[in-house]
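Only heavy atoms go into these numbers, but all of them, side chains included; no hydrogens, no water, no symmetry mates.
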Amino acid sequence: MSFVNAPIRKKDAMSLVTGKPVYTGDLVPQNALVVKLLRSPHANAMIESINTAAAMKVPGVCCILTWQDVPDARFTTAGQTYPEPSPYDRLILDRHLRCYGDPVAIVAAETEQAAEKALRLIKVQYQVMEPLLDFTKAKDNPILVHPEENFRTLCNVGTDNKRNLCSTDCFEVGDVESVLASCEVVCERTFLTKANNQAMMETFRTFSHIDEYGRLTVVSSTQVPFHVRRILSNALQIPKSQIRVIKPRIGGGFGAKQSVVSEIFPAIVTLKTGRAASLIYTREESMTNGSPRHQMQMKVRIGANRDGIIRAIDLYALSNAGAYGDHGPTTIGLVGHKSLSLYGGLEAARFDCEVVYTNTMGGGAYRGYGATQGIFAVESTVSELAAKLGIDPCVIREKNMVAQGQHMPTYYNEPCNSCALDRCMAKAKEMMDWDHKYPRRVLENGHIRSVGVAMAMQGSGISGVDIGSVEIRLNDDGFYTLMVGCTDMGTGCDTILAQMAADCLDCDIDHIAVRGVDTDQSPYDTGSYASATTYVTGMAVVKACQSLRDKILTAGASMLGIPAEEAEFDGSRVFSPKAGKEISLSAIGYASYDGHNRCISAYESHSSPISPPPFMVGMAEIDLDPETGKVEVVDYVGAVDCGTVINTNLARVQTEGGIVQGIGMALYEDIQYSPSGKMENNSFLQYKIPSRLDVGKIRIEFESSYEPTGPFGAKSIGELVINTPAPAIMNALYNATGLFFDTLPVRSEDIAMALLDKKA
């Protein structure tokens with residue numbers, strides 16, 4: 001291999017670092033109307049009346065839309081494969097406002113100033129109702145978030161809107177209660193994780209226009225262009241054949257852009273006015289009305305023998321969908337499947353879950369997608385169990401971790417075909433010098449240095465559901481065009497797929513031109529989410545390249561006048577050692593365009609019946625000031641098994657970035673609501689995320705396995721890497737203080753007060 005497993009520079013690197021106009025906001029037409037949204041000042045209210053007369057008189061205002069001007073068709077904004085598990089519980093504009101910031105009216109004007117002035121002149125009378133803000137009291141609460149009769153679901157996910165239930169589920173392997181009853185030690189804890197904002201640099205943004213054929217064209221920063229097309233069709237009540245979606249470069253997504261957040265509003269303005277229209281969310285709008293990680297409460301019971309053999313795990317999760325159910329029924333499943341399955345010798349396991357509606361911002365997809373919360377709870381409880389038993393937390397994991405060749409009944413009954421988790425643990429211990437640093441040491445200044453550990457797994461695409469497709473063409477002069485439908489959101493998937501194609505076709509990577517997503521031209525792909533692209537779309541690339549090689553060989557042999565069985569293709573020519581003949585790839589390419597043959601291309605799709613998990617061990621070393629409770633992560637090591645690493649540079653920065661986000665979840669990011677339901681963390685002044693200055697060393701190593709169902713043996717890496725920091729840091733905090741913390745984020749004042757209480 002010349003390019004796979006190499007540190008290849010991203011194909012778009014120079015355009016990005018030199019500031020080329022590649023993002024959605026750079027491409028907005030100069031004559032586009034500026035779209036702004038009037039948002040609800042209440043968490044739960046009905047619109048009694050709305051008067052737009054004065055606002056329409058503002059010079060430059062072209063269009064104001066209210067709930068009376070838009071289709072009365074419910075839909076979901078969750079970018080998922082049809083039929084979507086998420087309930088159809090939204091309208092473009094609704095009389096019933098279910099959270100602070102819900103859209104009340106759409107204003108489109110020639111300038112931003114005119115649109116902002118019009119917003120201030122719209123007069124609305126509200127019937128303000130009591131909001132339901134506490135998700136632990138939402139089930140069967142008399143306050144109904146979705147009392148409407150036209151609420152509907154396409155899949156049976158245990159929804160009951162008259163009980164505020166977005167979804168429910170339960171699975172059990174073995175008899176949990178009887179096994180727990182026979183265990184020598186049972187550890188039980190309850191955990192709470194807050195909602196987290198993806199905080200990508202590029203906020204939500206979209207522009208739309210009518211093309212020369214009279215079709216709606218939507219250009220958007222999205223991870224799911226083909227899903228956007230379907231969702232727009234549902235919301236706008238127009239055929240999908242009349243919608244085209246184009247995805248430029250994306251300035252970060254982390255799952256936020258797996259939901260249709262900004263696309264619908266400029267699209268309906270364009271349909272109403274015939275004009276191009278653009279909506280760019282402010283940072284405040286992205287923070288308060290985006291699609292953050294779901295808030296969750298998790299109750300864990302783990303039973304074990306005194307020798308540290310874990311026999312049973314019982315996990316219950318309650319998730320806050322917020323005002324809308326986007327991704328609610330699907331994120332919750334990963335809480336159990338991706339945490340329980342880390343332990344391969346369980347006699348019994350159970351996962352029970354409920355997702356409830358409240359009058360807070362609706363949740364969505366965020367890197368880790370439920371596994372992050374579940375792994376925090378389970379891994380933290382395993383660490384407490386180890387402390388109870390007096391066992392090194394690494395040792396208890398070494399005794400119980402899943403291993404290659406095992407069957408995983410809690411992971412969709414899939415086999416574990418590739419697993420280097422044991423080697424990841426050994427590597428992480430070596431990198432951290434665990435045996436010397438564990439559990440803690442006191443420095444001369446009174447600060448405490450301690451270490452903590454956690455394991456994690458994720459998946460590689462959604463088994464049996466999602467699909468990746470590619471088309472690859474041989475061009476004149478012998479270079480290739482790779483057409484993909486997946487979305488590069490900064491992760492470098494365009495580069496990774498080109499690396500695979502170059503090695504499959506024995507050519508230079510510069511001979512592979514990659515074209516991004518246009519739903520009119522690109523092959524269908526479900527999009528970039530669920531850690532799917534490298535594994536699922538990558539295998540489509542491998543299959544398409546093999547098909548193309550066969551076609552090139554056949555065409556070249558025909559031009560040489562020899563049987564295809566006697567010919568060989570080495571990437572630059574088709575030749576026959578026996579006949580002493582050869583023809584260049586360039587000549588074959590020209591001939592295929594010049595009427596001597598036909599255009600040579602190959603199209604392949606791939607969907608996998610399994611979703612092989614990548615694995616990781618993370619270790620944190622913290623510095624704790626016991627007087628103030630301030631925690632600094634001075635060193636973090638990660639050992640990752642993602643199968644074959646396709647691009648070593650990109651895999652490393654993916655891992656580093658995910659770790660920083662996980663540190664933010666553990667120590668910094670704290671979404672809070674006022675008693676009336678207004679989110680108080682609506683900017684980076686109030687919502688703290690760690691910068692590079694807030695984390696110390698981050699060191700990454702790869703312990704590769706070989707996944708037989710993946711391209712070149714590869715698995716995923718994108719989501720896995722956010723899952724270990726929170727439980728590893730909590731374990732380090734216990735080793736420093738002797739105290740267990742069960743609510744994220746853990747703030748300095750929480751630690752300081754807990755230490756004072758301990759002294760008292």
Checking side-chain polar atoms at under 3.5 Å, does [X] have a donor or acceptor matched by the opposite partner on [Y]?
X      : Y      : value
Ser262 : Thr206 : yes
Tyr281 : Asn289 : no
Thr217 : Arg215 : no
Gln223 : Thr487 : no
Ser531 : Gln458 : no
Arg189 : Ser380 : no
Thr193 : Gln373 : no
Thr77  : Asp326 : yes
His42  : Asp102 : no
Gln80  : Ser86  : yes

Side chain [X], main chain [Y], donor-acceptor under 3.5 Å:
X      : Y      : result
Arg39  : Gly101 : yes
Glu285 : Thr282 : yes
Glu84  : Thr81  : no
Thr526 : Ile467 : yes
Lys272 : Asp69  : yes
Asn359 : Leu132 : yes

With Arg74 as reference, evaluate Asn150, Asn234, Asp89 under the side-chain hydrogen bond (donor to acceptor under 3.5 Å, both in side chains) test and give the passing residue.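 In the set Asn150, Asn234, Asp89, the residue that makes a side-chain hydrogen bond (donor to acceptor under 3.5 Å, both in side chains) with Arg74 is Asn150.
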
Looking at His327, Lys338, Glu719, which hits side-chain hydrogen bond (donor to acceptor under 3.5 Å, both in side chains) with Tyr369?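 Answer to the side-chain hydrogen bond (donor to acceptor under 3.5 Å, both in side chains) test with Tyr369 among His327, Lys338, Glu719: His327.
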
Is the ring pair Tyr357/Phe151 parallel, tilted or perpendicular, if the boundaries are 30 and 60 degrees?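 Perpendicular, since the angle between the ring planes exceeds 60°.
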
Got more than 12 heavy atoms from elsewhere within 6.0 Å of [atom1], [X]?
X      : atom1 : value
Lys162 : NZ    : yes
Asn156 : CG    : no
Glu130 : CD    : no

Between Lys36 and Glu116, does any NZ, NE, NH1 or NH2 come within less than 4.0 Å of an OD or OE carboxylate oxygen?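 The answer is yes: the pair qualifies as a salt bridge.
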
Give a yes or no on whether a salt bridge exists between Arg244 and Asp518, defined as a side-chain N under 4.0 angstrom from a carboxylate O.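 Asp518 and Arg244: salt-bridged.
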
Non-hydrogen atoms of Thr66 and Ala105 that approach each other most closely: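 Looking at all heavy atoms of both residues, the shortest contact is CG2-CB, 4.5 Å.
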
Can you tell if the side chain of Cys99 reaches within under 4.5 Å of the side chain of Thr360, non-hydrogen atoms only?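 With C-beta onward as the side chain, the pair stays apart.
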
Run the numbers on Thr288 and Asn682 for side-chain hydrogen bond (donor to acceptor under 3.5 Å, both in side chains), then give the verdict. CA-CA 6 Å; Thr288 58; Asn682 59 12; over 6 Å; no

With sequence neighbours excluded, residues passing ring pair (Phe, Tyr, Trp, His ring centres under 6.0 Å) with Phe265: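 Scan of Phe265 (ring pair (Phe, Tyr, Trp, His ring centres under 6.0 Å), adjacent residues dropped) gives none.
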
Are Tyr316 and Glu354 close enough, and set up right, to give a side-chain hydrogen bond (donor to acceptor under 3.5 Å, both in side chains), and what steps lead you there? CA-CA 8 Å; Tyr316 166 76; Glu354 295 173 310; 2.7 Å; yes

